[in-house]
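Below is one structure; the comments refer to it alone.
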Amino acid sequence: MKYDVIFFDMDDTLFDFGKSEKGALQKTFEAFGLPNGLVDYRSSYREISKVLWGELEQGKLSITKLGSERFRRLFEKHGLSMDGAAFNHAYLENLSKEIYLVDGADVLFDSLPEQRSAIITNGFKHVQLPKIENSPLQNTFEAVIISEETGFQKPDYRIFDYAFSKLGLTDKASALMVGDSLTSDMQGGINYGIDTCWFNPDHKENTTGMEPTYEINHLTKLIPIAK
């Protein structure tokens, strides 16, 4: 095998985060008496969330602060008197139960039975672990490294240091990072000196100047790369 270990991002790489987010937001808005909330506020929410996740990647914001702050800003923008922290807690509970695999994920791991694999995710422990444990990918990963637990988030090199230590790795040439985010997954892998594979199913243009080692538009196209 070309790589001893493959590190995978989680959301929008192996799990369809868009579908999970939509379902979780709908249920949470309904529970808080806003049955039309998804239609009325999702666009604003995604704009706010994108800014905050960018700040997280830059080390300007903690994952804990991000959780409640996104809804605080949303409610403030729309003049809603609601508790952002309480809403966030309910949203994350719902999000952990909305589980959808990206097309090809199950086939990929059926085809790589001897490959060591692990997750490196910028996310919340009590959301990410239940998603994995209640999906067809349970018992697939040797380790699940979550930014909330490590205190570091991609692209910070220290989360990769943590992952290498956790798996007992020393040879950077033996590892591959797979993910959909250029600024998080690819930048993190490149900074750390490991090969990278950009998962780009929507054929987005890369305007960052970064050059991932590989680019694929379907997860099954990772199989010949890994082997």
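Every value quoted in this text rests on a predicted model; they were computed, and no experiment measured them. In what follows, every heavy atom counts, from backbone to side chain, and hydrogens, waters and symmetry copies are set aside.
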Can the ring centroids of F141 and F109 be said to lie less than 6.0 angstrom from one another?
yes
Check: S135 side chain, I132 main-chain N or O, donor-acceptor pair, under 3.5 Å:
yes
Closest contact, heavy atoms only, T196 versus P212:
OG1-CA, 3.2 Å
Specify the closest pair of heavy atoms between Y45 and L74, including all atoms of both residues, with the distance to one decimal.
N-CD1, 3.7 Å
State whether the side chain of S174 and the backbone N or O of D4 hold a donor-acceptor pair below 3.5 Å, judged by distance alone.
no
Determine whether Y41 and K77 make a side-chain contact, defined as any pair of heavy atoms from C-beta on separated by less than 4.5 Å.
no
Assess, by modelled atom type and distance only, whether the side chains of S68 and N88 contain a donor and an acceptor separated by less than 3.5 Å.
no
Identify all side-chain donor-acceptor contacts of residues 5-14 below 3.5 Å with residues at least two apart in sequence or on another chain.
unit_1	atom_1	unit_2	atom_2	d
D9	OD1	K154	NZ	2.9
D9	OD2	T13	OG1	2.8
D11	OD2	Q128	NE2	3.2
D12	OD1	F17	N	3.2
T13	OG1	D180	N	3.1
T13	OG1	D180	OD1	3.1

Flag the pair S20 / K97 as yes when at least one side-chain heavy-atom distance between them is below 4.5 Å, and no otherwise.
no
Answer yes if I120 and V144 sit in the same cluster of Ile, Leu, Val, Met, Phe, Trp and Tyr residues linked by side chain heavy atoms under 4.5 Å apart, and no otherwise.
no
Given E21 and R46, is the side-chain contact (heavy atoms from CB on, under 4.5 Å) satisfied, shown in steps?
CA-CA 10 Å; E21 178 192 67; R46 299 200 86 175; 3.1 Å; yes
Answer yes if the side chains of D161 and Y192 hold a donor-acceptor pair under 3.5 Å, and no otherwise.
yes
Do I225 and W198 belong together in a cluster built from hydrophobic side chains that touch within less than 4.5 Å?
no
Taking all heavy atoms of F124 and all of G67, pick out the closest pair and write down the distance.
CZ-CA, 4.0 Å
If I compare all heavy atoms of D40 with all of H78, which pair ends up nearest, and what's the gap?
O-CE1, 4.5 Å
Let me confirm one number: the CG-CD distance from L129 to E133, rounded to the nearest 0.5 Å.
5.5 Å
With a 6.0 Å cut-off on ring centres, are F87 and F29 close enough?
yes
With side chains defined as the heavy atoms from C-beta onward, is the minimum distance between C197 and L222 less than 4.5 Å?
yes
Counting neighbours of NZ on K65 that are heavy atoms of other residues, nucleotides or ligands and sit closer than 6.0 Å, is the number greater than 12?
no
Would a hydrophobic clustering, with Ile, Leu, Val, Met, Phe, Trp and Tyr connected at side-chain separations under 4.5 Å, put L101 with I216?
yes
Looking only at heavy atoms, the pair that brings S62 and L56 closest together is C-CD1, 3.7 Å
Closest heavy-atom contact between A90 and F32?
CB-CE1, 3.8 Å
For a salt bridge (Lys or Arg N to Asp or Glu O under 4.0 Å) check, start with the C-alpha distance between E47 and K50, then their side-chain angles and the critical distance, and finish with the verdict.
CA-CA 5 Å; E47 290 174 7; K50 182 178 180 180; over 6 Å; no
Same cluster or not: are V178 and F15 linked, directly or through other Ile, Leu, Val, Met, Phe, Trp or Tyr residues, by side-chain heavy atoms under 4.5 angstrom apart?
yes
Any side-chain heavy atom of T150 within less than 4.5 Å of one from I159?
yes
Applying side-chain contact (heavy atoms from CB on, under 4.5 Å), run through D103 and L219 and close with a yes or a no.
CA-CA 7 Å; D103 184 49; L219 286 175; over 6 Å; no
Measuring only between side-chain heavy atoms, which start at C-beta, is E57 closer than 4.5 Å to P155?
yes
To the closest 0.5 Å, what do you measure between CD (Q153) and OG1 (T121)?
11.5 Å
Audit row: L112, S117, side-chain contact (heavy atoms from CB on, under 4.5 Å) steps and yes/no
CA-CA 9 Å; L112 301 174; S117 60; over 6 Å; no
Salt bridge present between E30 and K27 (N-O < 4.0 angstrom)
no
Does a sphere of radius 6.0 Å around CD in E211 hold more than 12 heavy atoms from other residues, nucleotides or ligands, not counting ones at 6.0 Å or beyond?
no
If we count only N and O atoms by modelled type, under 3.5 Å, do the side chains of E98 and Y100 hold a donor and an acceptor together?
yes
Does any non-hydrogen side-chain atom of T170 lie less than 4.5 Å from one of F164?
no
Using the rule that Ile, Leu, Val, Met, Phe, Trp and Tyr join whenever any side-chain heavy atoms are under 4.5 Å apart, tell me whether V51 and W53 fall into a single cluster.
no
To the closest 0.5 Å, what do you measure between CG (L108) and NE2 (H218)?
10.0 Å
Exercise: do S96 and H126 side chains pair donor with acceptor under 3.5 Å:
no
Residues forming a side chain to side chain contact (heavy atoms under 4.5 Å, CB included) with N134, sequence neighbours excluded
I99, P130
Within the distance-only criterion (no hydrogens, no angle test), does the side chain of D16 pair as donor or acceptor with the backbone N or O of G18 below 3.5 angstrom?
yes
Kindly compute the distance separating CG (D156) from CZ (R158), expressed to the nearest 0.5 Å.
4.0 Å
Between the CZ atom in R116 and the CD atom in E142, the distance rounded to the nearest 0.5 Å is 4.0 Å
Report the residues that fulfil side chain to side chain contact (heavy atoms under 4.5 Å, CB included) with V39, sequence neighbours left out, ordered by chain and then residue number.
none
For the side chain of K227 and the backbone of S111, is there at least one donor-acceptor N/O pair under 3.5 Å apart?
yes
So CD1 of I48 and CZ of F71: to nearest 0.5 Å the spacing works out to 9.5 Å
Quick one, Y214 with L176, criterion side-chain contact (heavy atoms from CB on, under 4.5 Å). Give me CA distance, side-chain angles, the key distance, then yes/no.
CA-CA 10 Å; Y214 312 99; L176 176 69; 4.0 Å; yes
